[in-house]
Amino acid sequence: MALRLFAALDLPDDVADRVIALMRGVGGAKWRPRENLHVTLRFFGDVQEPLADDIDSELNQIADSTPPFEIALKGAGTFGGADPHALWLGVSESAPLKKLAADCEKAARRVGLKPESQNFTPHVTVAYLSSAALDPVQAFVQRYALFETQSFRVERFGLYSSVVRKSAPSLYRQEAEYPLFGRG
């Protein structure tokens, strides 16, 4: 059986509450439910269960050698250029976060997955856009360009499965959790 997998950081409830409070004012936006708010570290795609086990083993090793660190959400933007298809909130510059994402990329390659085609851009997708007028989208980005949360501690990350649904948000389920130990 194939699983659609990705590694991600969940948001603390207080940060998620702040994000949810911003999610309005853009017609045609399909706002993400709380349970779908996360920072993706690496999307693995559809993988068979034996490969999923290999990914799990690799992620466990990463967690063992990664110490906890701090990040904050900062700024807003879109994906899709002149025809935006997603609204996001960014993540402040963080060397430990970049290293964790790079380690997840290396793990994916070690188990035989193709390299990620996009550079890592840490963000939280807050809405997918369908027939959204450009002015409200740009207004959202301008309004939250200076948005910033308090720093929060990242002490774990997870491996999630995703079930895509046509008329509703994807269903995400945490398949494994990896506490950050920084042992070395």
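These values consider heavy atoms only, across backbone and side chains, with no hydrogens, waters or symmetry-generated copies.
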Treat each ILVMFWY residue as a node, draw an edge where side-chain heavy atoms are under 4.5 Å apart, and state whether [X] and [Y] are in one component.
X: Y128; Y: V19; result: no
X: M23; Y: Y172; result: no
X: L37; Y: L129; result: yes
X: F152; Y: L41; result: yes
X: V141; Y: Y144; result: yes

Can you list the steps and then say if F120 with T40 is a side-chain contact (heavy atoms from CB on, under 4.5 Å)? CA-CA 9 Å; F120 178 63; T40 300; over 6 Å; no
Hey, would you say the Y160 and F6 ring centroids sit under 6.0 Å apart? yes
Are any non-hydrogen side-chain atoms of [X] and [Y] less than 4.5 angstrom apart?
X: I20; Y: V126; value: no
X: L9; Y: L100; value: yes
X: V39; Y: V154; value: no
X: V137; Y: T78; value: yes
X: S161; Y: R4; value: no
X: P179; Y: E155; value: no
X: L3; Y: S162; value: no
X: V91; Y: K74; value: no

Atom of [X], atom of [Y] and distance for their closest heavy-atom approach:
X: S151; Y: A72; value: CA-CB, 4.0 Å
X: P67; Y: S65; value: CD-O, 3.6 Å
X: F181; Y: D64; value: CD1-OD1, 3.5 Å
X: Q174; Y: G158; value: NE2-CA, 3.9 Å
X: L59; Y: F157; value: O-CZ, 3.8 Å
X: D103; Y: R110; value: O-NH2, 4.5 Å

So how far is it from [X] [atom1] to [Y] [atom2], rounded to the nearest 0.5 Å?
X: R42; Y: E105; atom1: CZ; atom2: CD; value: 4.0 Å
X: L22; Y: L89; atom1: CG; atom2: CG; value: 6.0 Å
X: K99; Y: L97; atom1: NZ; atom2: CG; value: 12.0 Å
X: E177; Y: D10; atom1: CD; atom2: CG; value: 9.0 Å
X: R109; Y: E116; atom1: CZ; atom2: CD; value: 9.5 Å
X: I55; Y: L113; atom1: CD1; atom2: CG; value: 5.0 Å

Does a side-chain N-to-carboxylate-O contact under 4.0 Å join E93 and K98?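 So E93 pairs with K98 through a salt bridge.
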Donor-acceptor pair, R32 side chain versus N36 backbone, under 3.5 Å? no
Polar side-chain atom of E58 near backbone of V111 as donor-acceptor pair, under 3.5 Å: no
Pairs satisfying ring-ring contact (aromatic ring centres under 6.0 Å, His included), at least one member in residues 39-68, at least two apart: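 Non-adjacent pairs meeting ring-ring contact (aromatic ring centres under 6.0 Å, His included): zero.
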Among residues two or more places apart or on two chains, list those pairs meeting ring-ring contact (aromatic ring centres under 6.0 Å, His included) that have a residue in residues 49-81.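 Listed by first then second residue: F79-W88, F79-H123.
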Decide yes or no on side-chain contact (heavy atoms from CB on, under 4.5 Å) for I62 and Y178, but give the supporting numbers first. CA-CA 9 Å; I62 292 167; Y178 309 100; over 6 Å; no
All pairs passing salt bridge (Lys or Arg N to Asp or Glu O under 4.0 Å) where residues 14-27 contributes a residue, at least two apart: none
